[in-house]
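Everything on this sheet refers to the single structure shown next.
Chain naming here is simple, since letters A, B, ... match the order of the sequence lines and numbering starts at 1 in each.
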Number of protein chains: 2
Amino acid sequence: MSTSSATGGVEGGIEDRRDQIITVAGRLLEEQGPDGVTMRAIAAELDIRAPSLYKHIADKRELEVALIADAFRQQAEAFEEAAQAGEDTIEAFAARYRVWALEHPHLYRLMTDRPLPRSELPEGVEARAARPLVEAFAGSIDHARAAWAFAHGMVTLEIAERFPPDADIDAAWRVGFAAIASSTKPAIPNR
Amino acid sequence: MSTSSATGGVEGGIEDRRDQIITVAGRLLEEQGPDGVTMRAIAAELDIRAPSLYKHIADKRELEVALIADAFRQQAEAFEEAAQAGEDTIEAFAARYRVWALEHPHLYRLMTDRPLPRSELPEGVEARAARPLVEAFAGSIDHARAAWAFAHGMVTLEIAERFPPDADIDAAWRVGFAAIASSTKPAIPNR
DNA sequence: CGATATGGCTAACGGCGTTAGCCATATCGA
DNA sequence: TCGATATGGCTAACGCCGTTAGCCATATCG
């Protein structure tokens with residue numbers, strides 16, 4: 001059952017349709033936001049009727065889980081790409097995090113809004129996306145979590161347009177990340 | 001048909017209908033989450049039918065705006081209460097922020113999830129709730145925003161149960177806030 | 001006393017996710 | 001080759017949702 005990952009191709013036809021459905025759902029999410037992702041809209045895009053979707057997926061939630069798994073993969077790739085490009089500093093990580101989230105705001109919210117359906121996610125997917133951050137703060141998991149929370153807070157507030165229009169968001173990023181990053185270097189006693 | 005039974009089920013003085021509706025909506029939100037706040041449920045609570053609600057409010061959005069305004073007031077009161085109790089440190093502010101958010105998770109999300117309907121909010125309501133933080137970081141608005149983002153990130157991740165079950169959330173709060181708070185204290189004359 | 005405003009009501013619309021049940025086609029075992 | 005079965009479509013419909021239209025009893029007021 002555990003919904004093998006998309007490219008598995010182990011069994012036949014169903015997997016194809018299922019992948020199409022997930023792909024379309026993802027596209028609708030990015031283009032129109034969560035309200036655009038309706039079973040009827042997905043079906044229309046595939047030239048079938050909504051009830052037929054249920055021959056391939058159990059319910060809408062399963063669709064969301066698949067999108068979340070995909071989002072983790074995308075995010076991880078973005079980070080790994082950065083690492084390969086030699087950008088392995090905490091600041092580079094922060095920049096990638098922000099850029100990815102702002103490029104996929106609906107997907108980002110989908111994957112952070114609610115409790116993670118960990119048992120239904122392909123294993124390792126969460127850890128893989130988190131690894132760069134954890135490594136960057138190798139010394140302290142608490143600092144890693146603080147940094148994550150800061151980045152997440154900045155990103156969600158920016159996505160939700162909660163900063164005043166004249167706010168210098170770049171400056172807040174710089175100041176916040178510098179504070180958290182520098183406080184974890186034990187070599188530097190203090191400032 | 002209709003009834004002279006004036007005692008519906010809600011009490012609390014001589015509110016007009018509009019206030020009753022908002023009160024009930026707020027209670028449903030806190031007790032059952034956003035999915036529990038339906039026009040039919042609100043109406044049922046007041047022993048009327050859903051369409052009658054529209055004699056008092058324009059639409060559901062207006063209801064949400066009212067709840068958001070209320071949430072800001074509550075939050076501001078919580079902070080001011082802390083100040084009067086002599087807790088005016090940044091750390092005390094952080095603690096109050098966290099406690100209030102965790103006590104009203106649905107309300108917190110309602111007020112931070114989406115763009116603020118600033119033009120429809122009573123004036124000053126946002127500034128009042130933000131004042132303690134701004135004052136605590138009097139020197140730097142950027143630090144204030146960074147601190148807010150950190151607190152917001154911590155709180156939303158905690159509400160969404162996104163930290164692993166064994167995570168030491170208190171510790172993350174401590175290191176994060178200490179880092180941001182301390183980076184602004186040692187008079188860094190700048191910006 | 002009559003006009004008007006207020007605040008209920010029922011019926012209904014179009015949307016949602018989802019289920020039930022039907023049917024054509026493809027596949028496969030005997 | 002034939003029949004059973006699985007697959008993946010379909011329509012109809014259910015019970016929700018927010019919302020509108022239109023009716024009507026009561027209260028208020030000139």
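By the 30° and 60° cut-offs, the orientation of the rings of A/Trp148 relative to B/Phe163 is perpendicular.
The line from CD1 of A/Ile21 to CD of A/Glu62 is 9.5 Å long, rounded to the nearest 0.5 Å. A/Glu64 contributes atom CD, which lies 10.0 Å from atom CG of A/Asp113 (distance to the nearest 0.5 angstrom).
Between the CG atom of B/Asp47 and the P atom of C/dG8 there is a distance of 11 Å, rounded to whole Å. The distance from atom CD of B/Glu64 to atom C1' of D/dC17 is 13 Å, rounded to the nearest whole Å. Rounded to an integer number of Å, the gap from OH of A/Tyr54 to P of D/dA13 is 19 Å. Rounded to a whole Å, the CG atom of A/Leu46 is 14 Å from the P atom of D/dG8. D/dT19 atom C1' lies 14 Å from atom CG of B/Leu63, rounded to whole Å. Summarising the geometry, the separation between CD1 on A/Ile48 and C1' on D/dG8 is reported as 9 Å, rounded to the nearest angstrom. The distance from atom CD1 of A/Ile57 to atom P of D/dG9 is 12 Å, rounded to the nearest whole Å. With rounding to whole Å, B/Leu53 atom CG is found 14 Å from D/dT20 atom C1'.
Applying the 4.0 Å criterion to OP1 and OP2 of D/dG18, one finds that B/Arg61 has every side-chain N and O outside that range. Under 4.0 angstrom from either OP1 or OP2 of C/dT6 there lies no side-chain N or O belonging to B/His56. Dashed line: the shortest gap from a side-chain N or O of B/Thr38 to OP1 or OP2 of D/dC17 is under 4.0 Å. The phosphate of D/dG9 (OP1 or OP2) has no side-chain N or O of A/Arg49 nearer than 4.0 angstrom.
Annotation: of the two residues near DNA chain C, A/Ala58 and A/Asp35, the 5′-most nearest-nucleotide partner is A/Asp35. Along DNA chain D, the nucleotide closest to A/Ser52 and the one closest to B/Asp59 are compared, and the more 5′ of them pairs with A/Ser52.
Of the nucleotides present, C/dG2 is the one that pairs with D/dC29 by Watson-Crick or G-U wobble criteria, both distances under 3.5 Å. The base-pairing partner of D/dC10, taking Watson-Crick or G-U wobble contacts with both distances under 3.5 Å, is C/dG21. Using N1 to N3 plus N6-O4 or O6-N4 for Watson-Crick, or N1-O2 and O6-N3 for G-U wobble, each under 3.5 Å, D/dG15 pairs with C/dC16.
Hydrophobic clustering of Ile, Leu, Val, Met, Phe, Trp and Tyr side chains at less than 4.5 Å, counting indirect connections, keeps B/Ile90 apart from B/Ile141.
Put simply, the side chain of B/Arg40 and the base of D/dG18 share a donor and an acceptor less than 3.5 Å apart. Side-chain N/O atoms of A/Lys55 and base N/O atoms of D/dG9 include a donor-acceptor pair closer than 3.5 Å.
Screening A/Glu77, A/Glu91, A/Glu103, A/Glu87 for a salt bridge (Lys or Arg N to Asp or Glu O under 4.0 Å) with A/Arg96, the sole residue that qualifies is A/Glu87.
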